[in-house]
Protein chains: 2
Amino acid sequence: MQGKSNENLRCDCSIVHQDIVERVQVKMPPEEMLYDLAELFKVFGDSTRIKIIWALFEEEMCVCDIAYLLNMTQSAISHQLRVLKQARLVKPRRDGKNIYYSLDDQHIEEIFNQGLNHINE
Amino acid sequence: MQGKSNENLRCDCSIVHQDIVERVQVKMPPEEMLYDLAELFKVFGDSTRIKIIWALFEEEMCVCDIAYLLNMTQSAISHQLRVLKQARLVKPRRDGKNIYYSLDDQHIEEIFNQGLNHINE
DNA sequence: ATATCAATTGAGCATCTATTCATATGTTCA
DNA sequence: TGAACATATGAATAGATGCTCAATTGATAT
């Protein structure tokens, strides 16, 4: 009988492979890092944002252009750009009345390509 | 005056950079592909699933072990494994009463590494 | 100043999601 | 066969999320 000694654990299994768990445990990155990673992927986990990013692979665009391209309201796009901006994935540049957005990260394209590799295999 | 000719568009801007939009438009991958990509990242966009995957980087584990490692109920883990299984990211192997899960994809680690590059820059 | 236009912002709402709880399935062993 | 255990599954629920609508901010030009 191993596991769940006196600690308040939520797993109710009676037998745990203690050796395996401990080996894995020491390899796990800090909680916060894994949380941040999930937050980043959450940003990628929406097709509107994916489309925006993909469009910006090509060249910078203003909010209005993106809304037109995706046939969505400018408000919806603006909300999504805020999410992308907070994740440091895009950056704005003002030019008169327009605000042009461009990609602010070099890793995105590689991440997307690997994602497509998974989908297409 | 460009844009929104007779089509039923949702963008209410009066001036759209038609040339830019058209150039980007032809470069955009098919809608379905972008949707699938978002679906994949959605799976990565949860810290519980991130933790499960990271644990499985090390070695295969049974449901019970994962629950113990992450201090969560076995039911919660099982639900999440189902999501990962449907996304073809993990695969099960039965051994007696236990079901051992392991990673079913080579691209995941690269995707995660690029994600961490973004976070740590 | 005032009108106009692009973009942002906040509230409201419908939808989705992760977990919990209870129950079912499937395997082993006596 | 039946008891014990590991896992899966379905319903219920609280919290998150993406869009809409209305109002606001900020810039330009007359």
Side-chain angles (χ1 to χ4, degrees), chain A residues 1-4 9-17 20-21 35 38-39 41-52 60-87 90-101, chain B residues 1-4 9-17 20-21 35 38-39 41-52 60-87 90-101:
Chain A
M1 175 81 168
Q2 323 159 51
K4 56 171 1 193
L9 293 173
R10 325 197 48 201
C11 170
D12 54 357
C13 297
S14 57
I15 296 185
V16 166
H17 302 87
I20 293 181
V21 171
Y35 184 81
E39 288 302 301
F41 287 129
K42 208 171 286 182
V43 174
F44 292 145
D46 175 83
S47 60
T48 298
R49 289 192 291 266
I50 289 273
K51 288 176 195 169
I52 294 175
E60 70 170 12
M61 298 177 87
C62 67
V63 180
C64 176
D65 291 343
I66 300 173
Y68 180 86
L69 172 69
L70 303 185
N71 195 26
M72 294 179 65
T73 67
Q74 161 255 91
S75 175
I77 299 299
S78 184
H79 278 296
Q80 295 294 20
L81 283 169
R82 188 167 51 83
V83 174
L84 292 170
K85 194 165 46 175
Q86 279 170 349
V90 303
K91 59 171 188 287
R93 173 181 75 83
R94 172 146 243 157
D95 179 21
K97 277 184 284 189
N98 295 295
I99 298 183
Y100 291 86
Y101 281 87
Chain B
M1 175 79 170
Q2 323 159 51
K4 56 173 355 190
L9 293 173
R10 327 198 48 201
C11 171
D12 54 357
C13 298
S14 58
I15 296 183
V16 166
H17 301 88
I20 294 181
V21 170
Y35 184 82
E39 288 303 302
F41 288 130
K42 211 171 282 180
V43 175
F44 292 145
D46 175 83
S47 60
T48 298
R49 290 192 289 265
I50 289 273
K51 287 177 196 168
I52 293 175
E60 71 169 12
M61 297 175 87
C62 68
V63 181
C64 177
D65 291 343
I66 300 172
Y68 179 86
L69 172 69
L70 303 186
N71 194 25
M72 293 179 66
T73 67
Q74 162 260 105
S75 175
I77 299 299
S78 184
H79 278 297
Q80 295 295 19
L81 283 169
R82 186 167 54 83
V83 175
L84 292 169
K85 194 165 46 178
Q86 279 170 349
V90 303
K91 58 172 189 284
R93 171 181 75 83
R94 170 145 242 156
D95 180 20
K97 277 182 289 188
N98 294 296
I99 298 183
Y100 291 86
Y101 281 87

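Chain letters run A, B, ... following the sequence lines, proteins first, then strands; residues in each count from 1.
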Asker: Rounding to a whole Å, what distance do you find between B:Ile52:CD1 and C:dA18:C1'?
Answerer: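 Those two atoms, CD1 and C1', are 12 Å apart.
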
Asker: Could you walk me through whether B:His17 and A:Tyr100 satisfy the side chain to side chain contact (heavy atoms under 4.5 Å, CB included) test, starting with their C-alpha distance in whole Å, then the side-chain angles of each, then the deciding distance to 0.1 Å, before giving a yes or no?
Answerer: CA-CA 12 Å; B:His17 301 88; A:Tyr100 291 86; 3.1 Å; yes

Asker: Who are the salt bridge (charged side-chain N to carboxylate O under 4.0 Å, His left out) partners of A:Lys91, not counting sequence neighbours?
Answerer: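 Per chain and number, A:Lys91 pairs via salt bridge (charged side-chain N to carboxylate O under 4.0 Å, His left out) with A:Asp104.
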
Asker: Quickly work out the A:Ile66 CD1 to C:dA6 C1' distance and round it to whole Å.
Answerer: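 Interatomic distance, CD1 of A:Ile66 to C1' of C:dA6: 13 Å.
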
Asker: What is the distance, to the nearest angstrom, from the CD1 atom on A:Ile77 to the P atom on C:dT9?
Answerer: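 My rounded result for the distance is 15 Å.
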
Asker: Atom CD of A:Gln86 and atom P of D:dA16: how far apart are they, to the nearest Å?
Answerer: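 Spelled out: CD on A:Gln86 to P on D:dA16 is 15 Å.
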
Asker: Distance check needed: C:dT17 C1' versus B:Phe44 CZ, whole Å only.
Answerer: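 The distance from CZ of B:Phe44 to C1' of C:dT17 comes to 18 Å, rounded to the nearest Å.
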
Asker: Can you tell me how far CG of B:Leu84 sits from OH of B:Tyr101, rounded to the nearest 0.5 angstrom?
Answerer: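 Atom-to-atom, B:Tyr101:OH and B:Leu84:CG are 9.5 Å apart.
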
Asker: With respect to A:Met72, which candidate in A:Ile66, A:Thr48, A:Ile52 satisfies the side chain to side chain contact (heavy atoms under 4.5 Å, CB included) definition?
Answerer: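 Output: one option passes, namely A:Thr48.
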
Asker: In whole Å, I'd like the distance from the CG atom of B:Leu81 to the C1' atom of D:dA8.
Answerer: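 My rounded result for the distance is 11 Å.
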
Asker: Indicate for each nucleotide in nucleotides 20-30 of chain D, in 5' to 3' sequence, whether protein heavy atoms under 4.0 Å reach the base (B), only the sugar-phosphate (S), or nothing (-).
Answerer: BBB---SSS--

Asker: Between B:Val21 and A:Met61, is any pair of side-chain heavy atoms under 4.5 Å apart?
Answerer: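 Yes - at least one pair of side-chain heavy atoms lies under 4.5 Å apart.
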
Asker: Could you pull out all residues at least two apart from B:Lys97 that satisfy side-chain contact (heavy atoms from CB on, under 4.5 Å)?
Answerer: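 Per chain and number, B:Lys97 pairs via side-chain contact (heavy atoms from CB on, under 4.5 Å) with no residue.
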
Asker: Distance check, rounded to the nearest 0.5 Å: A:His79 atom NE2 versus A:Thr73 atom OG1?
Answerer: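 Between A:His79 NE2 and A:Thr73 OG1, I get 8.0 Å after rounding to 0.5 Å.
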
Asker: Identify which nucleotide among D:dG18, D:dA6, D:dT9 has an atom closest to any side-chain atom of B:Arg82, counting heavy atoms from C-beta outward.
Answerer: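 Closest of the options to the side chain of B:Arg82: D:dT9.
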
Asker: Under 4.0 Å between a side-chain N/O of A:Tyr68 and OP1 or OP2 of C:dA6, yes or no?
Answerer: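 The answer is no; no side-chain N or O of A:Tyr68 sits under 4.0 Å from OP1 or OP2.
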
Asker: Quick one: is A:Gln80 getting a side-chain N or O under 4.0 Å of the D:dC19 phosphate, OP1 or OP2?
Answerer: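 A:Gln80 to D:dC19 OP1/OP2: side-chain N or O found under 4.0 Å.
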
Asker: For A:Lys51 and D:dG18, what is the distance between atoms NZ and P respectively, to the nearest whole Å?
Answerer: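 For the pair A:Lys51 NZ and D:dG18 P, the rounded distance is 14 Å.
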
Asker: Which is true for B:Tyr100 with a 4.0 Å heavy-atom rule: it touches a base, it touches only sugar-phosphate, or it touches nothing?
Answerer: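 Result for B:Tyr100 = nothing.
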
Asker: Given atom NZ of B:Lys42 and atom C1' of D:dA16, what is their separation to the nearest angstrom?
Answerer: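 That distance rounds to 13 Å.
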
